[in-house]
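Heavy atoms only: backbone and side chains are in, while hydrogens, waters and symmetry mates are out. Proteins come first, then strands; the chains are lettered A, B, ... in the order of their sequence lines, and each starts at number 1.
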Amino acid sequence: MNNYVKDVYEYILCKLSNHICDSWNRINLKVSASEIYRSLEEPPLEKFGEIALPTFKFLKKLSVDYNVLAESITTQTSKRKPEFISKVNVVRGYINFFINEEFAAKHLFNTVSNMGYDYGFIKVDKPLHIVVEHTSANPVHPLHIGHGRNAILGDVISRILAKRGHSVIRRFYVNDMGRQVAILAYGCLHLNNPLPKGKPDHFYGVIYSITNAVIEIDRLKREIEELKEKGRFEDLERTNNELLDWLNVLAELKGKEPKLVLELIEKLKGKEHESEIQKIMKAYEKRSSEKIVKIIRTICNNIVEGFKETLDKIGVEFDFWDWESDIVWSSIISKILEEARKSPYFTIHKGTSALDFSSLQKVSEVREKLKLPKTFEIPPLILQRSDGTTLYTMRDIAYSIIKFKNADKVINVIMSEQKLAQAQLRLALLALGYKREAYNLIHYSYEIVNLPGMRMSGRKGRFVDLDSLIEEAVSRAYLEVSKRNPKMDEEMKERIAKTVGLGAIRYALVSVSASKPLTFIWDDVLNFERNSGPYIQYTYARALNILRNYGKEVDFSLETLDYGILKKPIIRRLLILLIKFPKVFVKTAEELKPEYLAEYAGKLADTFNSFYTMEPVLKEPVEEKKRTKLYIVKTVEIVLKNILTLLGIEAPERM
RNA sequence: GGGCCCGUGGCCUAGCCUGGAUAGGGCACCGGCCUUCUAAGCCGGGGGUCCGGGGUUCGAAUCCCCGCGGGCCCGCCA
């Protein structure tokens, strides 16, 4: 067979819809095949078969008795014997269908034999150029698990979209113009711009945290004085608590870096932090001080190198590293400001230029297309400070336009608390006449990662950094590997430990819906048992092991197979799962929900592991049965490998 | 004050958009299975007001309304 169907399950659903449609038409019931197709669902229990048609909505619509509907199908099915259905049963308002195993298996094996490791990767008809911007952490401290969630999500959706046939570009936005970078530079300047020791993001991260804490403490102390003077005691308690929290932060830092903390406290004493920081920011933006430009660029470059090292460890790569400063220093900002002034939505808000969305956001088409909150009033967007320097959103508008240069669609992977800002960005683009950009900018939002009982905070230096997480994951995996394979050589052990540790992290971060807040618990993230990355990897290694021991290539020739054993429940279950993989992939890619893949992989692994204990493959005495089983095993191996590839998890040769 | 997200056995989670049959899993707990392709596994067991209350429906974890609890956002911060 040279012809093959890429999606066997889909093929069966279509054929079945037509069959039902035809059966009903014969007794003059007019329902379209597509309406039937849409009603088909999966029964909750195995004894109900694989495909179910609830008849409830048709009873009313056709004003016909349930028995008439059911009987027409059972009669037609037994008369015409469609090859893809083996059984129909009618239960409590449902018409249930059992897929013919032989039909499914023949098509599946033929498809897999043709597609190999492309099985399941159904391509879109019209591939797009898609930009995925993700991670984009401020270059002031090491990446933590929050960034890890962002990076893994961004990376995985990029991989999925690419396999779906799109061309994907991954970009990292280096936010070097923000206040946080200025604070770090401020600290470094007072330490006489030290050379980084160790990993640069960690080195600078400490300086940043201390400097920031000192500044916050001084600010809060001043605020408390003012509140006391004004007699606003109701605000005093809150501010006091905030101060205490920052004092704790500083104490925590002092525990780790006593010398540095004391030095910075000493050097920053009595300084006007705020105006100094403003000066740094302005100097950097206007490039008025060569020294500042050089220092900030050097610091950020070093930190970005640190990011790259970390991201490289978890297999995350970027095509472009876009520096915010490059955008500001280019002519694009002034061009956009000019466009803004010509825009009908331009306004002067509190003495500076802004965009006013009050009329625009009332257009319901705009609300819908930009996915704005239904009734929320979006405030005017201020474009620049009164001193003429740019604001973040202004730079973000420019960056968005740049990202759209050769792209049909841009996906920003950004945490959910930026939802309003992202909605504002889309509105701004529309207001400036960038309609295509506004309508095709997608905010892929995810919830934050918390520590148990504590909010993770980069600014407060309270976080589990990715490097430690990776190290811990790999060392835990190493213990497991050596326990199980005491005789294995050291190099192999370490390689497997790395594969397993990283697999655990990736799977843990991607298997929970992005919309759910994630509480970071070491033992959960580094779980190596069921429902984990290592579990999927282990299952893969087991399947591969059978194929390795078999010693020959599985050729998928459809002669000399035993289709009878496909009736065994465990094998049947595997077969049905395997034909569903293309559908799962398409759904995952269309909805950008990698957790679907994780869930499917878990189910497939469970089923395969049961099969593994119940149905020995290589010891199967009957050659035809053995071949059939081997085809199933080979297909499982391919599907698991394909899923691991999509999730960016390495598929280990052995474990 | 307004907006967004989340709430499912002790803990974590799927299902919710697109209503359908006995709410799937995992961790932890209890009991079995390694002379047979890797026990990171398999088989079995106990444990549930799907946050609460109304409504729509033949039918609600799912849709609508009103609450409750948790998180986040509403800056000339980023």
Side-chain angles (χ1 to χ4, degrees), chain A residues 38-39 41 43-45 48 52 54-57 59-60 91-94 96 138 175 177-181 324 349-354 372-379 382-393 395-396 415-421 423-424 445-448 450 455 459 477 480-481 483-485 500 504 508 511-513 515-519 521 523-524 527-539 541-550 591 595-596 598-599 602-603 605-606 608-620 629 633 654-655:
Chain A
R38 281 196 301 275
S39 300
E41 53 189 52
L45 292 172
F48 296 140
T55 56
F56 312 100
K57 61 185 78 157
L59 299 179
K60 210 177 236 180
V91 187
R92 287 158 60 183
Y94 291 86
N96 297 318
N138 277 327
N175 191 323
M177 296 229 82
R179 185 187 150 81
Q180 300 197 48
V181 166
E324 191 174 25
H349 184 79
K350 293 182 188 167
T352 184
S353 35
L372 305 179
K374 282 188 188 55
T375 56
F376 188 67
E377 199 70 11
I378 292 173
I382 289 154
L383 294 169
Q384 52 184 166
R385 297 191 184 89
S386 356
D387 68 0
T389 55
T390 54
L391 281 161
Y392 178 80
T393 324
R395 310 193 284 260
D396 209 10
M415 56 179 168
S416 67
E417 56 186 42
Q418 303 270 351
K419 257 186 189 171
L420 179 63
Q424 226 168 1
S445 142
Y446 67 95
E447 281 293 332
I448 50 165
N450 286 308
R455 177 166 183 189
R459 293 183 56 218
E480 284 298 310
V481 176
K483 196 168 85 195
R484 285 159 217 282
N485 309 284
V500 168
S511 60
V512 176
S513 302
S515 65
K516 288 220 184 203
L518 197 138
T519 301
I521 296 163
D523 288 342
D524 287 354
N527 171 27
F528 296 160
E529 292 174 22
R530 286 186 118 202
N531 193 20
S532 74
Y535 175 67
I536 310 297
Q537 292 172 311
Y538 178 70
T539 310
R542 283 180 128 187
L544 196 67
N545 197 41
I546 294 175
L547 298 168
R548 192 169 31 226
N549 289 337
Y550 176 59
E591 296 181 32
E595 64 267 29
Y596 294 164
E599 200 207 349
K603 208 179 285 172
D606 288 346
F608 179 77
N609 280 319
S610 298
F611 165 83
Y612 186 93
T613 29
M614 289 163 76
E615 295 287 344
V617 175
L618 300 177
K619 293 187 190 84
E620 170 61 58
K629 285 181 176 178
V633 174
R654 53 176 298 192
M655 266 173 81

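- Val500(A) comes within 4.0 angstrom of a nucleotide base, judged by non-hydrogen atoms across all strands.
- Across all strands shown, G46(B) forms no Watson-Crick or G-U wobble pair with both key distances under 3.5 Å.
- Atom name C1', nucleotides G48(B) and A14(B): the rounded distance is 15 Å, in whole Å.
- For Tyr538(A) and Gly178(A), each mapped to the nucleotide of RNA chain B holding its nearest heavy atom, the one lying further toward the 5' end belongs to Tyr538(A).
- The side chain to side chain donor-acceptor pair (under 3.5 Å) test applied to Glu324(A) returns Tyr173(A), Arg395(A), not counting sequence neighbours.
- For the OP1/OP2 pair of A39(B) and a distance below 4.0 Å, the side-chain nitrogens and oxygens of Arg542(A) include at least one atom meeting the criterion.
- Remark: ring of Tyr94(A) stacked against base of A21(B); centroid gap under 5.5 Å, plane tilt under 30°.
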Enumerate all atom pairs, one protein N or O and one N or O from nucleotides 72-74 of chain B, separated by less than 3.5 Å.
residue	atom	partner	partner atom	Å
C72(B)	O3'	Glu417(A)	OE1	3.3

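- Note on Arg654(A): every side-chain N or O is 4.0 Å or more away from OP1 and OP2 of C37(B).
- Note on Tyr535(A): only backbone sugar-phosphate atoms sit closer than 4.0 angstrom, heavy atoms only; bases stay farther off.
- Asp387(A) comes within 4.0 angstrom of nothing in the nucleic acid, heavy atoms only.
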Is there any protein nitrogen or oxygen under 3.5 Å from a nitrogen or oxygen in nucleotides 29-34 of chain B, and what are the pairs?
none

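- Among the heavy atoms of the strands, none lies under 4.0 Å from Tyr550(A).
- As judged by a 4.0 angstrom heavy-atom cut-off over every strand, Glu620(A) is placed among residues making no nucleic acid contact.
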Pairs under 3.5 angstrom, nitrogen or oxygen only, protein versus nucleotides 8-11 of chain B, please.
none

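- Taking only distance into account, the side chain of Asn609(A) never meets the base of A39(B) through a donor-acceptor pair shorter than 3.5 Å.
- Take Asp524(A) and apply the salt bridge (Lys or Arg N to Asp or Glu O under 4.0 Å) test, not counting sequence neighbours, and it matches no residue.
- Here Phe56(A) does not pack flat against the base of G59(B), since the 5.5 angstrom centre distance and 30 degree tilt limits are not both met.
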Please list, pair by pair, any protein nitrogen or oxygen found under 3.5 Å from a nitrogen or oxygen in nucleotides 22-24 of chain B.
residue	atom	partner	partner atom	Å
U22(B)	OP1	Arg92(A)	NH2	3.0
U22(B)	O4	Lys47(A)	NZ	2.7

